[in-house]
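To keep things clear, I will list the structure first and then write my remarks on it.
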Amino acid sequence: MRIRRTLSAAAATAGALALGLTAAVPAQAAEYSSALKIKGVQYDAPGRDSNKCSGGNTRNEYLTIKNYSKTTTVNLKGYKVRDAVGNTFTFRNSHTLQPGDLVSLRGGRGTDSDAGNVVYRQNCNFIWNNDKDTIYFYKPTGARADVHAYTKSANDRDGNGYITYHG
């Protein structure tokens with residue numbers, strides 16, 4: 001009987017530890033079941049930041065989304081991208097990604113192109129912070145497809161303003 005209690009207490013302690021470790025895992029370490037994932041982000045557009053629609057450089061700030069499926073074509077319509085403070089972009093038009101294909105979601109104004117693999121936010125304001133931010137990517141159902149937090153000092157060792165995720 002005494003041994004059983006000891007084992008039960010040990011099992012309970014191990015279970016509590018396991019739960020504690022699970023809770024401590026950062027959100028970006030979770031793997032979501034989505035064919036589409038964030039491949040990378042140019043969070044700091046080259047040059048001096050200028051959010052003017054004419055002559056500014058917001059189009060040089062972009063998020064790359066890739067279809068990592070080997071067999072499934074995915075339509076981006078209804079997917080959402082959000083930053084840490086709630087700035088949100090929703091893909092309102094159909095834009096299909098073949099297996100292995102990618103798209104650049106760019107700031108600024110422009111013409112979306114399936115052939116050119118580009119979608120514009122039609123907004124000349126920057127969305128990603130130059131020092132740190134969190135990128136949330138949601139499926140049309142509202143389920144998370146991917147999430148990544150970054151800091152310039154920890155994730156951008158070469159200082160070029162671009163961070164790669166998911167190779």
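If you read the sequence from its start, that first residue is 1, and numbering goes on from there. Bear in mind the structure is a predicted one, so any value in this text is a computation, not a measurement.
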Review point. Around atom NZ of Lys139, are there more than 12 heavy atoms of other residues, nucleotides or ligands at under 6.0 Å?
Key: yes
Point to revise | Ile135: which of Val41, Ile163, Val147 passes side-chain contact (heavy atoms from CB on, under 4.5 Å) | key: Val41
Practice item. Only one of Lys39, His166, Arg106 passes side-chain contact (heavy atoms from CB on, under 4.5 Å) with Thr64; say which it is. Key: Lys39
Quick one about [Y] and [X] (side-chain donor to acceptor, distance below 3.5 Å, no hydrogens or angles considered), yes or no?
{"X": "Tyr136", "Y": "Arg144", "result": "no"}
{"X": "Asp101", "Y": "Asn67", "result": "no"}
{"X": "Asn75", "Y": "Ser94", "result": "yes"}
{"X": "Asn155", "Y": "His148", "result": "no"}

Going from [atom1] on [X] to [atom2] on [Y], what distance comes out if it is rounded to the nearest 0.5 angstrom?
{"X": "Asp114", "Y": "Leu76", "atom1": "CG", "atom2": "CG", "result": "9.0 Å"}
{"X": "Asp49", "Y": "Asp44", "atom1": "CG", "atom2": "CG", "result": "5.5 Å"}
{"X": "Ser104", "Y": "Asn60", "atom1": "OG", "atom2": "CG", "result": "11.0 Å"}
{"X": "Glu61", "Y": "Arg59", "atom1": "CD", "atom2": "CZ", "result": "13.0 Å"}
{"X": "Leu63", "Y": "Asp83", "atom1": "CG", "atom2": "CG", "result": "11.0 Å"}
{"X": "Ile127", "Y": "Asn87", "atom1": "CD1", "atom2": "CG", "result": "5.5 Å"}

**Study point:** Audit row: Trp128, Tyr62, side-chain contact (heavy atoms from CB on, under 4.5 Å) steps and yes/no
**Key:** CA-CA 9 Å; Trp128 312 117; Tyr62 60 92; over 6 Å; no
Locate the shortest heavy-atom distance separating [X] from [Y]; write the atom from each residue and the value.
{"X": "Val119", "Y": "Asp112", "result": "CA-OD1, 3.4 Å"}
{"X": "Gln42", "Y": "Pro46", "result": "NE2-CD, 4.1 Å"}
{"X": "Tyr165", "Y": "Ala149", "result": "OH-O, 4.1 Å"}
{"X": "Ala35", "Y": "Val74", "result": "CB-CG2, 4.1 Å"}
{"X": "Lys37", "Y": "Ala145", "result": "NZ-O, 4.0 Å"}
{"X": "Phe89", "Y": "Arg121", "result": "CE1-CA, 3.6 Å"}

Practice item. Give a yes/no verdict on a cation-pi contact between Arg109 and Tyr120, requiring under 6.0 Å between NZ or CZ and the six-membered ring centre and an angle within 45° of the axis. Key: no
Check your understanding: Just wondering, do Thr141 and Tyr79 contact through their side chains at under 4.5 Å, heavy atoms?
Key -> no
**Study point:** Connected via hydrophobic side-chain network under 4.5 Å: Val103 and Ile38
**Key:** yes
Where the side chain of [X] meets the backbone of [Y], is there a donor-acceptor pair that is under 3.5 Å apart?
{"X": "Ser69", "Y": "Thr71", "answer": "yes"}
{"X": "Asn160", "Y": "Tyr162", "answer": "yes"}
{"X": "Asp146", "Y": "Phe137", "answer": "no"}
{"X": "Asp133", "Y": "Ala84", "answer": "yes"}

Exercise for review: Any chance you could lay out the side-chain contact (heavy atoms from CB on, under 4.5 Å) test for Val118 and Thr111, step after step, and finish with the verdict?
Suggested key: CA-CA 8 Å; Val118 64; Thr111 303; over 6 Å; no
Exercise for review: Keeping to residues at least two apart or across chains, list the ring-ring contact (aromatic ring centres under 6.0 Å, His included) pairs with something in residues 92-118.
Suggested key: none
Exercise for review: Mind jotting down which residue pairs meet the ring-ring contact (aromatic ring centres under 6.0 Å, His included) criterion with at least one end in residues 35-55? Sequence neighbours excluded, please.
Suggested key: Tyr43-Tyr150
